[in-house]
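Below: the structure, in structure tokens.
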Amino acid sequence: MADMDSFVLQYSSDDFVPQTTRWGDHAGKKSKFDRELTSRWDNCMENGVFRYNMQQLDTRVIPGDKAYVAQLNSLRATERRKPQTIMSVSQPFNPDLFNFTKVHTKEILFGLQNTDESTTSGATMNGTTDSAQEPERHIIIINVSPLEYGHVLIVPQVNRCYPQVLTETAVKVGLESMLLSSHRGFRIGFNSLCAYASVNHLHMHAYYLEQQLLVEHCDVEPLGPNVHELTVMPCHGFAFQLHGTTVKQIARLIHNITMYFHDNDIAHNLFITRGTVFGEPQSSTNRTIRMYLWPRKKFIGTKVPDEFNVAVVELAGHLPIKDDSSFQSLTEETADHIIADASLPLEEYNQIKTTVVKMAKQLDTKTQ
């Protein structure tokens, strides 16, 4: 990989966009982050850097309470890079396989640097710092097989060559990237190993979706300090919001939980989106960042549904469909059934829930 610092988007907390517009209101101006990402992404598309040309996708909202957003994207199903063989949530990084230090420089859009930070060295896998290593670099690259407009990969700490395991720094970079965007439909997602991650090198997906999702405004049930439960979707999971806390605090909580998942070989997906503050109506102008974390069944070479895979965006209600027949015929009942199949057995999920609540209480006690 050539010099990744040819363009670095420097930012501070002054660049964060705490509120976005509601769906139905005027969209507002693009932030600097959005302008850089979309203009550079468009340039890559015009110059044939992607595996296929991204046209406007056929989109339909499936009738029903969940208002699933289905999109026909058959090219992604056929043209994307073959996923790596993943057998464990804790599978080590293999430098001989494809990883994001090997991408062509034309696929790199820009680097990210938070100028508020007093040190360039960041957290290691266990959250500690290692100042002896070279400064960390976070980059944004195109996903050469995009699922939607602006589909990129956020690759935090790229030079550390971490496996696909969330670090505290990675969660923080994801949250800050969300705050840098003024687009109400900007989404960020993470798939762990055995939860449809296809490359074992730390990364998150990000893209723009011009449709509202139920998870942006649905009710959630309080469980403990800074942690709620999502029960209105077929696969239950945990819900968090930035409102009432800080990026550092919520990043630490999510990292602690995902490390517990990692240590216990629990596959998981994390979704980050804009939305209403918990407990407020869909029409509320008081918006925040919502985060959803699903522990789920491990996917290891099992049969894949014909309609769609169940990775992070599908759990959140965005369904990229593989073929036209499924796109036209898919019902909410069928989508519910496919997504529910990713759920853990209830007894196992409830044991995880007990541990997650305990962890949240312990961390809340330490920060008081």
Looking at Glu348, Glu221, Glu229, which one forms a salt bridge (charged side-chain N to carboxylate O under 4.0 Å, His left out) with Lys353?
-> Glu229

Qualifying side chain to side chain donor-acceptor pair (under 3.5 Å) pairs, either residue in residues 271-280, two or more places apart = Arg187-Thr273, Thr276-Arg290, Glu280-Ser284, Glu280-Asn286

Any salt bridge between Lys66 and Asp336, counting N to O under 4.0 Å?
-> yes

Near Asn350 CG, under 6.0 Å, is it more than 12 heavy atoms from other residues, nucleotides or ligands?
-> yes

May I ask you to decide if the ring planes of Tyr149 and Trp41 are parallel, tilted or perpendicular, using 30° and 60° as cut-offs?
-> perpendicular

Determine whether more than 12 heavy atoms belonging to other residues, nucleotides or ligands lie under 6.0 Å from atom NZ of Lys361.
-> no

Plane angle bin for Phe93 and His201 - parallel if under 30°, tilted between 30 and 60°, otherwise perpendicular = perpendicular

For the residue pair Phe186 and Tyr208, does the interplanar ring angle fall in the parallel (under 30°), tilted (30 to 60°) or perpendicular (over 60°) class?
-> tilted

Taking 4.0 angstrom as the limit, do Lys322 and Glu307 come out as a salt bridge?
-> no

Is the closest basic N to carboxylate O distance between Asp341 and Lys297 below 4.0 Å?
-> yes

Are more than 12 heavy atoms from other residues, nucleotides or ligands located less than 6.0 Å from atom CG of Asp263?
-> yes

Please test Leu230 against Phe238 for side chain to side chain contact (heavy atoms under 4.5 Å, CB included), starting from the C-alpha separation and ending with a verdict.
-> CA-CA 6 Å; Leu230 174 72; Phe238 305 108; over 6 Å; no

Can any side-chain N or O of Asn191 pair as donor or acceptor with the backbone N or O of Ala311 at less than 3.5 Å?
-> no

Counterpart residues, ring-ring contact (aromatic ring centres under 6.0 Å, His included), relative to Phe240 (two or more places apart) = none

